[in-house]
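Some notes on the structure that comes next.
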Amino acid sequence: EVQLVESGGGLVQAGGSLRLSCAASGFTFADSAIGWFRQAPGKEREAVSCISRSDGHTYIADSVKGRFTISSDNAKNTVYLQMNSLKPEDTAVYYCALTVVAGACYPGGMDYWGKGTPVTVSS
C-alpha cells in the first residue's frame, strides 16, 4: 500500500524558514508526481507545488513563487518543500499527495494522501 508521511511542520515567526519532507513508500510508478497542498481553517484545499518523478517538471503556485522550492530525491523516495520568507498567510495544514500518472497539479487529481503536518507562522 502506498504510504506518504510528512514531517517538518511547526511554529515559526514571519520571515523564517521551514523545510517539509514527504517520505513515500509502496509504489514504483515511473511517471508519478508528488505534490504539496495546504488547507487553512474554513478554506478549500489548494495546490502549493508539484514535481514529476520522471523529468523533474515542477508547478509552483503564484502565492508562493519565489519563496518556496520543491525538490525530490528519487533514490530515497523523498520530496521536500523548502519554505522561506514565511508569512502568516502561509499558516495551514500541509499535505503531501501522489498521483500515479503525472498531470495537472490539483487536489482532485491526486490518488494518495498523507495525514498532513501543521505549519503556523506568527506575525
Side-chain angles (χ1 to χ4, degrees):
E1 181 180 354
V2 173
Q3 186 175 16
L4 303 169
V5 180
E6 305 98 331
S7 62
L11 175 65
V12 65
Q13 293 184 346
S17 298
L18 285 173
R19 190 192 193 199
L20 305 184
S21 297
C22 173
S25 62
F27 75 98
T28 57
F29 309 121
D31 197 36
S32 65
I34 292 179
W36 288 98
F37 301 79
R38 66 186 183 185
Q39 187 166 22
K43 299 187 69 176
E44 295 292 319
R45 189 169 299 185
E46 64 177 354
V48 177
S49 187
C50 290
I51 186 166
S52 171
R53 180 183 177 89
S54 60
D55 60 11
H57 176 74
T58 60
Y59 161 84
I60 187 77
D62 289 341
S63 60
V64 302
K65 192 171 296 182
R67 300 187 297 118
F68 292 9
T69 303
I70 192 169
S71 62
S72 64
D73 185 338
N74 287 346
K76 296 181 179 180
N77 285 331
T78 301
V79 174
Y80 306 95
L81 184 69
Q82 179 66 46
M83 306 188 295
N84 298 325
S85 302
L86 283 162
K87 304 175 181 180
E89 307 94 273
D90 297 318
T91 296
V93 177
Y94 283 70
Y95 298 89
C96 176
L98 178 146
T99 178
V100 173
V101 178
C105 184
Y106 75 107
M110 311 308 287
D111 299 308
Y112 303 95
W113 292 84
K115 294 182 178 180
T117 184
V119 172
T120 301
V121 184
S122 62
S123 60

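Residue numbers start at 1 and run along the sequence shown.
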Would you name the heavy atoms of [X] and [Y] that are closest together and state the gap between them?
{"X": "Ala92", "Y": "Ala40", "result": "CB-N, 3.8 Å"}
{"X": "Ser123", "Y": "Pro88", "result": "CB-CG, 3.9 Å"}
{"X": "Cys50", "Y": "Gly35", "result": "SG-CA, 3.6 Å"}
{"X": "Ala23", "Y": "Thr78", "result": "CA-OG1, 4.2 Å"}

Between atom [atom1] of [X] and atom [atom2] of [Y], what is the distance when rounded to the nearest 0.5 Å?
{"X": "Leu18", "Y": "Thr117", "atom1": "CG", "atom2": "OG1", "answer": "9.0 Å"}
{"X": "Ile70", "Y": "Gln82", "atom1": "CD1", "atom2": "CD", "answer": "12.0 Å"}
{"X": "Asn77", "Y": "Leu98", "atom1": "CG", "atom2": "CG", "answer": "9.5 Å"}
{"X": "Arg38", "Y": "Phe68", "atom1": "CZ", "atom2": "CZ", "answer": "5.5 Å"}

Hey, quick one: are [X] and [Y] part of the same hydrophobic cluster, counting side-chain heavy atoms closer than 4.5 Å, chains of contacts allowed?
{"X": "Leu81", "Y": "Tyr112", "answer": "yes"}
{"X": "Tyr94", "Y": "Tyr59", "answer": "no"}
{"X": "Val101", "Y": "Val79", "answer": "yes"}
{"X": "Met83", "Y": "Val12", "answer": "yes"}
{"X": "Phe37", "Y": "Val93", "answer": "yes"}

Test side chain to side chain contact (heavy atoms under 4.5 Å, CB included) on Thr69 and Tyr80 and set out the steps.
CA-CA 8 Å; Thr69 303; Tyr80 306 95; over 6 Å; no

Chi angles and distances behind the salt bridge (Lys or Arg N to Asp or Glu O under 4.0 Å) call for Asp62, Lys65
CA-CA 5 Å; Asp62 289 341; Lys65 192 171 296 182; 3.1 Å; yes

Ignoring hydrogens and geometry, is there a side-chain-to-backbone donor-acceptor pair from Glu6 to Gly116 under 3.5 Å?
yes

Polar side-chain atom of Arg53 near backbone of Ser32 as donor-acceptor pair, under 3.5 Å:
no

Listed by chain and number, what are the ring pair (Phe, Tyr, Trp, His ring centres under 6.0 Å) partners of Tyr95, not counting sequence neighbours?
none

Looking at Phe27, I'd like to know if its CZ atom is crowded, meaning that more than 12 non-hydrogen atoms belonging to other residues, nucleotides or ligands lie closer than 6.0 Å.
yes

Pair Val64, Asp90 - check side chain to side chain contact (heavy atoms under 4.5 Å, CB included), show working.
CA-CA 9 Å; Val64 302; Asp90 297 318; 4.3 Å; yes

